[in-house]
Number of protein chains: 2
Amino acid sequence: MMARLSIRIDLDPQGRIGPGKIDLLEWIGRTGSISAAGRAMKMSYRRAWELVDSMGQVFGQPVVVSQTGGRHGGGARLTPFGEQLIARYRMIERVAAQAAAPHLDALQDEMRARDAADTAPLGADATP
Amino acid sequence: MMARLSIRIDLDPQGRIGPGKIDLLEWIGRTGSISAAGRAMKMSYRRAWELVDSMGQVFGQPVVVSQTGGRHGGGARLTPFGEQLIARYRMIERVAAQAAAPHLDALQDEMRARDAADTAPLGADATP
DNA sequence: GAACGTTATATCCAATGAAGCATAACGAGC
DNA sequence: GCTCGTTATGCTTCATTGGATATAACGTTC
């Protein structure tokens, strides 16, 4: 039983960013196109575009700049802020995982330890 | 613009546990009943029960023991494992947040810094 | 200037999730 | 023994989400 950490960042009004959006950004950076990134992640262009757009709205600034028409029909690139966002997220992910590692291990030990052993029936009353 | 960390733990085959399920467990511990916990969280009993059940399945052992009938109609209590699970999750949440804090701050600075400033149009080509 | 692949957007539809409602079993308290 | 609140479960909507498809605009390349 493996246990990994999954991190997301909650922004104040309403907006989250988690591993999915960050992966998408990385794919856009790698492929130079939203649609190619979508294909790589087996995600519809529509969804990929919506995710990109929602990030731009949440952060109040675009995470990618795009171009219609052109060499291969157009394309998209990460903005400097988009790249920073990826870097920050990965950094946070890394340090959080490091800090949590021993506790995750302990949790797994506890899971194995009690394996359906003690589940005392409830005797006294709880707070009603 | 506030940024908080939100943590969830991914278990190997398929199973996640995040803030929602942990909150629910805490409410069950506090109130001594699944339905009361559901009400407190404005969640249907159905859903609360399903979440509890899914946790039991994911971990291969119950996180709460329940009793039908009785003093106030029945009730539910956390198993020792359930309590340990809460404690571990909160611990992980705490150390992860501590480790991530400076980077979250940095991210917020970066968000403010670039506020729609530089979004250079794409000139060269990307990896096609 | 025609072709191509992409962005951007609208529309329709399927899948999923969750709420709501209904019901049975249960057991302490009155 | 009747009531009451809870567990446990089924079933029936209802809303949200995401996929699929269609279309227009666009600009390099041929």
Side-chain angles (χ1 to χ4, degrees), chain A residues 8 14-16 18 20-21 23-25 27-57 62-79 82 119 121-128, chain B residues 8 14-18 20-21 23-25 27-58 62-79 82 119 121-128:
Chain A
R8 46 200 74 197
Q14 47 189 0
R16 322 195 140 172
K21 295 205 188 101
D23 281 356
L24 177 60
L25 284 188
W27 272 108
I28 292 172
R30 238 175 271 147
T31 61
S33 119
I34 296 176
S35 64
R39 282 194 299 272
M41 296 180 68
K42 296 186 199 303
M43 171 193 305
S44 67
Y45 170 80
R46 180 179 191 272
R47 175 150 176 67
W49 185 86
E50 278 177 351
L51 290 176
V52 167
D53 186 59
S54 74
M55 282 188 275
Q57 289 184 3
V63 289
V64 316
V65 278
S66 55
Q67 190 183 45
T68 77
R71 228 162 66 81
H72 298 319
R77 314 203 86 172
L78 298 173
T79 61
T119 53
L122 73 144
D125 59 345
T127 330
Chain B
R8 44 201 77 193
Q14 46 189 4
R16 321 196 142 170
I17 187 158
K21 295 203 187 103
D23 281 355
L24 177 61
L25 284 187
W27 272 107
I28 291 172
R30 238 176 269 146
T31 61
S33 118
I34 296 176
S35 65
R39 282 194 299 272
M41 296 179 69
K42 295 186 200 303
M43 170 192 308
S44 66
Y45 170 80
R46 180 80 206 276
R47 174 150 176 70
W49 183 87
E50 280 178 351
L51 291 176
V52 168
D53 186 60
S54 74
M55 281 188 274
Q57 289 183 3
V58 164
V63 288
V64 316
V65 279
S66 56
Q67 191 184 45
T68 77
R71 229 159 69 76
H72 297 319
R77 312 204 87 173
L78 297 173
T79 62
T119 52
L122 72 143
D125 58 344
T127 329

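Order of the sequence lines fixes the chain letters, A, B, ..., with proteins taken first and strands second; residue numbering starts at 1 for each chain.
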- Message: Taking salt bridge (Lys or Arg N to Asp or Glu O under 4.0 Å) as the definition, give me every residue that meets it alongside B:Arg16, ordered by chain and number, with sequence neighbours left out.
- Response: B:Asp10
- Compute whether any side-chain donor of one residue and acceptor of the other, for A:Thr31 and A:Ser33, lie under 3.5 angstrom apart. no
- Please list, in 5' to 3' order, the outermost nucleotides of DNA chain C lying under 4.0 Å from any heavy atom of chain A. C:dG5 to C:dT11
- Angle of first-five versus last-five pair axes in the helix from C:dG1-D:dC30 to C:dC30-D:dG1, to 10 degrees: 0°
- Task: Keeping to residues at least two apart or across chains, list the salt bridge (charged side-chain N to carboxylate O under 4.0 Å, His left out) pairs with something in residues 41-57 of chain B.
- Result: B:Arg46-B:Glu50
- Taking all non-hydrogen atoms of both residues into account, name the closest pair between A:Val52 and A:Ile28 and its distance. CG2-CD1, 3.5 Å
- Note on the structure: Heavy atoms of B:Ala37 and B:Leu24 approach each other most closely as CB-CD1, 3.9 Å
- Item | With A:Ala40 via side-chain contact (heavy atoms from CB on, under 4.5 Å) - residues at least two apart | A:Trp27
- Task: State, yes or no, whether a side-chain contact exists between B:Arg8 and A:Arg8 at a heavy-atom distance under 4.5 Å.
- Result: yes
- Task: Specify the separation, in whole Å, of atom NE2 of B:His72 and atom P of D:dT6.
- Result: 9 Å
What does the list of N/O pairs under 3.5 Å between the protein and nucleotides 22-25 of chain D look like, with a distance for each?
none

- For DNA chain C, what residues of residues 34-53 of chain A have any heavy atom nearer than 4.0 Å? A:Ile34, A:Ser35, A:Arg39, A:Tyr45, A:Arg46, A:Trp49
- Task: Kindly give the heavy-atom pair with the smallest separation between A:Ile34 and A:Ala48, and that separation in Å.
- Result: CG2-CB, 3.8 Å
- Would you call B:Val63 and B:Leu25 a side-chain contact if the rule is heavy atoms closer than 4.5 Å? yes
- For B:Gly20 and B:Met41, the nearest pair of non-hydrogen atoms, with its separation, is O-CE, 3.9 Å
